[in-house]
Amino acid sequence: MLIFSVFKTLTDQQVTVELKNDLSITGVLKSVDQFLNIRLDNIQVLDAARHPHMMAVKNCFIRGSVVRYVQLPAEHVDTQLLEDATRREAANPSKR
Amino acid sequence: MSSLQGSVDKRVLLILQDGRCIVGTLAGYDQKSNVVLSDSKERVYSMDEAVEEIELGLYLVKGDMIILLGELDEAKDDAVDLSEIRAEPLPPVRY
């Protein structure tokens, strides 16, 4: 649930999503849901010359279960706050 | 699923777990993101031949097979000459 909240604070930021089929897609994070399904706008595929499949795609919906990594903009994540929140949740697992 | 509502009736591209690419008009979907496409075609990419389009017609894709659904910019898509394109097929998903 914590990570879901983090993603919600990152809407309208530029992120790069690497999928489990080795495709990397950069775009503006539009929305995210409880499964960490991700909606990206204005997308660009890394190494577009090798992957012309998505040339004409402008925005997309990615299933959460196929995401391998998400690169976040460091300046928009308060890592100290995240650390504290993680500790709080770990100390008090009933309150999720 | 964080809503496919906005994409209904639009041309969409699906990428599936096994690496297949299917384009079609999004006719409907449900809460498990099972998807129905009309006028759908599979696009088969290869390095030694042009992109082959296989007519699939009305097609239902189970939600758990879908890894990505992209809305196509139709003008851009029509401008692409598929017979010019050579590309590796997308790899299947490895967990």
Side-chain angles (χ1 to χ4, degrees), chain A residues 1 3-71, chain B residues 1-7 10-23 26 29 31-35 42-47 50-51 61-82 84-95:
Chain A
M1 243 6 196
I3 300 302
F4 174 45
S5 313
V6 172
F7 273 116
K8 277 199 290 190
T9 67
L10 287 171
T11 45
D12 292 323
Q13 302 298 334
Q14 184 106 349
V15 297
T16 302
V17 181
E18 182 180 322
L19 307 184
K20 287 178 186 164
N21 64 1
D22 298 332
L23 208 59
S24 287
I25 302 169
T26 306
V28 178
L29 185 67
K30 270 300 152 198
S31 71
V32 63
D33 67 13
Q34 53 177 336
F35 307 111
L36 303 188
N37 297 324
I38 290 173
R39 216 170 223 303
L40 293 181
D41 257 11
N42 222 337
I43 62 161
Q44 239 175 344
V45 178
L46 203 78
D47 201 354
R50 240 169 60 96
H51 304 290
H53 315 72
M54 301 198 24
M55 251 187 315
V57 179
K58 41 192 176 167
N59 54 56
C60 71
F61 170 88
I62 301 168
R63 196 177 159 87
S65 63
V66 296
V67 174
R68 186 179 292 139
Y69 305 119
V70 183
Q71 290 180 29
Chain B
M1 285 273 176
S2 79
S3 191
L4 300 173
Q5 186 59 53
S7 305
K10 302 257 174 66
R11 288 298 276 179
V12 296
L13 168 87
L14 293 189
I15 298 181
L16 306 186
Q17 302 250 19
D18 52 10
R20 282 197 276 184
C21 296
I22 298 176
V23 293
L26 185 63
Y29 67 93
Q31 65 277 49
K32 285 170 131 177
S33 75
N34 300 316
V35 158
E42 178 178 350
R43 285 187 184 161
V44 183
Y45 290 79
S46 85
M47 276 316 260
V51 179
V61 186
K62 281 275 280 177
D64 39 18
M65 282 300 289
I66 298 168
I67 68 172
L68 183 148
L69 183 147
E71 221 176 278
L72 284 173
D73 184 330
E74 284 199 59
K76 234 180 183 175
D77 193 48
D78 292 340
V80 174
D81 184 4
L82 287 177
E84 294 281 294
I85 291 178
R86 302 282 186 281
E88 296 282 353
L90 288 173
V93 168
R94 285 173 308 123
Y95 286 97

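This is a predicted model, so every value here is computed, not measured. Proteins get letters first, then strands, A, B, ... in listed order; numbering begins at 1 in each.
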> Taking all non-hydrogen atoms of both residues, which atom of Cys60(A) and which atom of Gly70(B) are closest, and how far apart?
Replying inline: CB-CA, 3.7 Å

> Using non-hydrogen atoms only, which part of Asp64(B) is less than 4.5 Å away from chain A: side chain, backbone, both, or neither?
Replying inline: both

> Is it the side chain or the backbone of Leu72(B) that comes within 4.5 Å of chain A heavy atoms, both, or neither?
Replying inline: both

> Can you tell me how far CG of Leu68(B) sits from CG of Leu23(A), rounded to the nearest 0.5 angstrom?
Replying inline: 7.5 Å

>> Quick check on Arg94(B) against chain A: is it the side chain, the backbone, both or neither that has a heavy atom closer than 4.5 Å?
In response: both

>> In the structure I gave you, are the side-chain heavy atoms of Leu69(B) and Arg63(A) within less than 4.5 Å of one another anywhere?
In response: no

> Crowded around Phe4(A) CZ? As in, over 12 foreign heavy atoms under 6.0 Å?
Replying inline: yes

>> Tell me the closest heavy-atom pair linking Met54(A) and Leu13(B), and the distance in Å.
In response: CG-CD2, 3.9 Å

> Relative to chain A, which segment of Pro92(B) carries a heavy atom at a distance below 4.5 Å: side chain, backbone, both, or neither?
Replying inline: backbone

>> So, taking the atom named CZ in Arg50(A) and the one named CG in Leu90(B), what distance separates them when rounded to the nearest 0.5 Å?
In response: 9.5 Å

> Does Lys76(B) reach the side chain of Met55(A), with side-chain heavy atoms less than 4.5 Å apart?
Replying inline: no

>> Is Val93(B) in contact with chain A via its backbone, its side chain, both, or neither, using a 4.5 Å heavy-atom distance?
In response: both

>> Can a donor-acceptor pair be found, under 3.5 Å and without considering hydrogens, that links the side chain of His53(A) to the backbone of Glu88(B)?
In response: yes

